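One structure is given here, and the rest of the page talks about it.
Quick note on labels: first sequence line is chain A, next is B, and so on, each numbered from 1. All values reported here derive from a predicted model rather than from experimental measurement. Every heavy atom of this structure was used, including side-chain atoms; hydrogens, water molecules and symmetry mates were not.
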2 protein chains.
Amino acid sequence: MPSLSVTALAGVPEIGPGDHLATILGDALDASAEGVREGDIIVVTSKIVSKAEGRHVRAADREAAIAAETVRVVASRTHPGGTTRIVENRQGLVLAAAGVDNSNTPEGTILLLPEDPDASARRLCAALRARFGVALGVILSDTLGRPWREGQTDAAIGASGLRVLDDYRGTRDTHGNLLSASAAAVADEIAAAADLVKGKATGRPVALVRGLAHLVLDGLNGPDPAPTARALIRPAEQDMFRIGSDEAYAQGFADGQAAAALAPSAVS
Amino acid sequence: MPSLSVTALAGVPEIGPGDHLATILGDALDASAEGVREGDIIVVTSKIVSKAEGRHVRAADREAAIAAETVRVVASRTHPGGTTRIVENRQGLVLAAAGVDNSNTPEGTILLLPEDPDASARRLCAALRARFGVALGVILSDTLGRPWREGQTDAAIGASGLRVLDDYRGTRDTHGNLLSASAAAVADEIAAAADLVKGKATGRPVALVRGLAHLVLDGLNGPDPAPTARALIRPAEQDMFRIGSDEAYAQGFADGQAAAALAPSAVS
């Protein structure tokens with residue numbers, strides 16, 4: 001029966017600016033009981049990629065950093081503890097605080113997301129494939145909130161060497177019905193599975209996922225274009241929730257007032 | 001190192017109205033190579049629970065069924081293929097078509113979600129705990145779309161016997177920083193992991209997840225109140241995306257016009 005295993009990788013030290021992550025992870029994989037096999041997928045918490053890439057910022061500059069990473073404010077809400085801002089950031093992700101992170105960081109510092117998570121995943125994947133001589137996939141994960149549901153789940157913000165969407169559209173189920181609108185976001189599901197063993201507070205930033213070789217691409221570049229985690233981001237103009245309810249209402253209200261001012265007889 | 005395994009369960013036959021699911025799944029678990037151990041979590045595609053509970057509706061009545069399952073329309077968009085309606089349904093879930101399902105169903109029929117997925121999970125969990133004499137957890141999963149990201153992921157719509165949120169708030173990371181706003185939606189992550197082996201088109205509706213015993217509760221009722229998948233649903237009034245952008249804009253526009261009509265001097 002189909003089966004997968006997810007194992008947190010031991011022996012990953014604290015990562016700092018300039019560290020060669022591919023070598024460090026390769027050594028940790030080499031030393032692990034699991035080793036590396038064809039079709040394995042390595043899920044790496046994006047935070048350690050940020051650390052290796054030196055994406056540190058002084059904690060005192062947090063608000064400026066969030067502003068610099070923000071492309072547009074999607075929604076905000078003020079509550080007794082402060083203001084929660086959901087924004088679209090420079091990587092195209094919609095998330096709180098633009099992905100600027102102040103947990104698991106050295107004192108007095110905060111971290112930006114990797115500049116280009118797909119490019120980071122691609123470099124890591126190419127280096128690990130070269131070292132181990134097998135086709136494997138790499139996912140960079142981050143923790144995202146979501147509308148309508150409590151809590152956060154990990155998702156794929158960078159990916160290389162594997163399909164990120166498993167598209168069922170056009171295939172038939174066991175009853176012969178055509179599956180119409182079904183594409184599983186498998187890279188996000190893999191990131192979520194990895195989070196279950198990595199843990200947030202415990203210094204285990206990497207997981208090895210084994211058993212999903214059918215998602216791993218032979219060539220690193222795969223089909224043309226190669227799948228990226230960017231492909232999991234829905235363009236805002238296609239999104240029914242591209243802006244918060246309060247923000248859309250306020251825009252509508254202002255436009256409604258203005259329209260009435262231009263044509264007052266129409267609403268009187 | 002922490003590790004988990006996810007295995008699709010063999011030997012689950014096609015389920016029909018009145019089938020005793022706990023017995024069928026218990027027999028399949030008994031016959032499996034994995035068996036059942038303390039701390040296991042069984043993830044059951046909600047569709048087979050619907051089938052056992054006889055939640056079939058004639059396919060010809062699909063639109064009426066969707067309307068009957070809908071508590072409120074959250075957003076809708078018309079496109080060349082028809083209209084996509086995101087609604088809040090009677091189970092409190094926000095999803096397309098109110099959860100009314102026309103894949104993997106006998107010809108001419110569609111399926112409603114289980115009437116009360118948490119209650120279904122609780123019954124199944126109690127029966128399996130009694131049969132095997134171990135603490136285990138049960139999750140009922142369904143496939144949900146999400147704003148901002150392409151594709152769907154499986155999530156927990158019913159749960160019993162396990163914690164659904166792993167709350168890190170108040171704990172410290174390895175650098176001593178207090179983790180402030182971090183509660184992992186572990187039941188959703190487990191449902192997502194299970195989807196990776198279950199597959200949509202292949203008649204494998206149940207997965208056994210092993211290695212997360214720390215999330216499984218000793219007593220079935222656990223803390224008071226017992227965790228439910230309902231706890232993963234954010235109340236609409238607390239949600240910044242409780243209504244679609246277009247819908248909120250239209251409401252605002254109408255209210256803005258009306259306000260201008262009442263006090264025309266204010267905007268002229």
Between [X] (side chain only) and [Y] (backbone N and O only), is there a donor and an acceptor less than 3.5 Å apart?
X	Y	value
A:Arg163	A:Asp167	no
A:Trp148	B:Phe241	yes
A:Arg204	A:Leu9	no

What residue, out of [options], has the most heavy-atom pairs lying under 4.5 Å from chain B?
options	value
A:Gly145, A:Ala33, A:Ala156	A:Ala156
A:Gln238, A:Glu88, A:His79, A:Glu247	A:Gln238
A:Ser245, A:Ala192, A:Ala8, A:Ala10	A:Ser245
A:Gly151, A:Ser32, A:Pro2	A:Pro2
A:Gly211, A:Ala193, A:Ala185, A:Ser5	A:Ala185
A:Asp188, A:Val186, A:Ile190, A:Leu212	A:Asp188

Taking atom CD1 of A:Ile15 and atom CD1 of A:Ile48, what is their separation to the nearest 0.5 Å?
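Going from the CD1 atom of A:Ile15 to the CD1 atom of A:Ile48 covers 5.0 Å.
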Interatomic spacing from CD in B:Glu189 to CD in A:Glu189 - rounded to 0.5 Å:
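Reported to 0.5 Å precision, the distance equals 11.5 Å.
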Which portion of B:Ala194 sits near chain A, non-hydrogen atoms under 4.5 angstrom
neither
Under 4.5 Å from a heavy atom of chain A, the part of B:Ile233 involved:
both
Of A:Ile66, A:Leu95, A:Val100, A:Val71, which meets side-chain contact (heavy atoms from CB on, under 4.5 Å) against A:Asn89?
A:Leu95
[X], part contacting chain B, at a heavy-atom distance under 4.5 Å:
X	answer
A:Leu208	neither
A:Ala191	neither
A:Leu196	both
A:Ser76	backbone

Interface residue of largest heavy-atom contact number with chain A, from B:Val74, B:Thr7, B:Val209, under 4.5 Å
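Heavy-atom pair counts peak at B:Thr7.
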Choice from B:Arg242, B:Arg210, B:Glu34 maximising heavy atom contacts with chain A below 4.5 Å
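Option with the top pair count is B:Arg242.
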Let's go through B:Asp239 and B:Arg234 carefully: what are the C-alpha distance in whole Å and the side-chain angles of both, what is the deciding distance for salt bridge (Lys or Arg N to Asp or Glu O under 4.0 Å) to 0.1 Å, and is it a yes or a no?
CA-CA 7 Å; B:Asp239 200 301; B:Arg234 182 179 299 133; 3.5 Å; yes
Under 6.0 Å from the CZ atom of A:Arg85, do we count more than 12 heavy atoms belonging to anything else shown?
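Counting other residues, nucleotides and ligands, CZ of A:Arg85 stays at 12 neighbours or fewer.
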Taking atom types as modelled and ignoring hydrogens, do the side chains of B:Lys51 and B:Thr105 form a donor-acceptor contact shorter than 3.5 angstrom?
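There is no such pair between these side chains.
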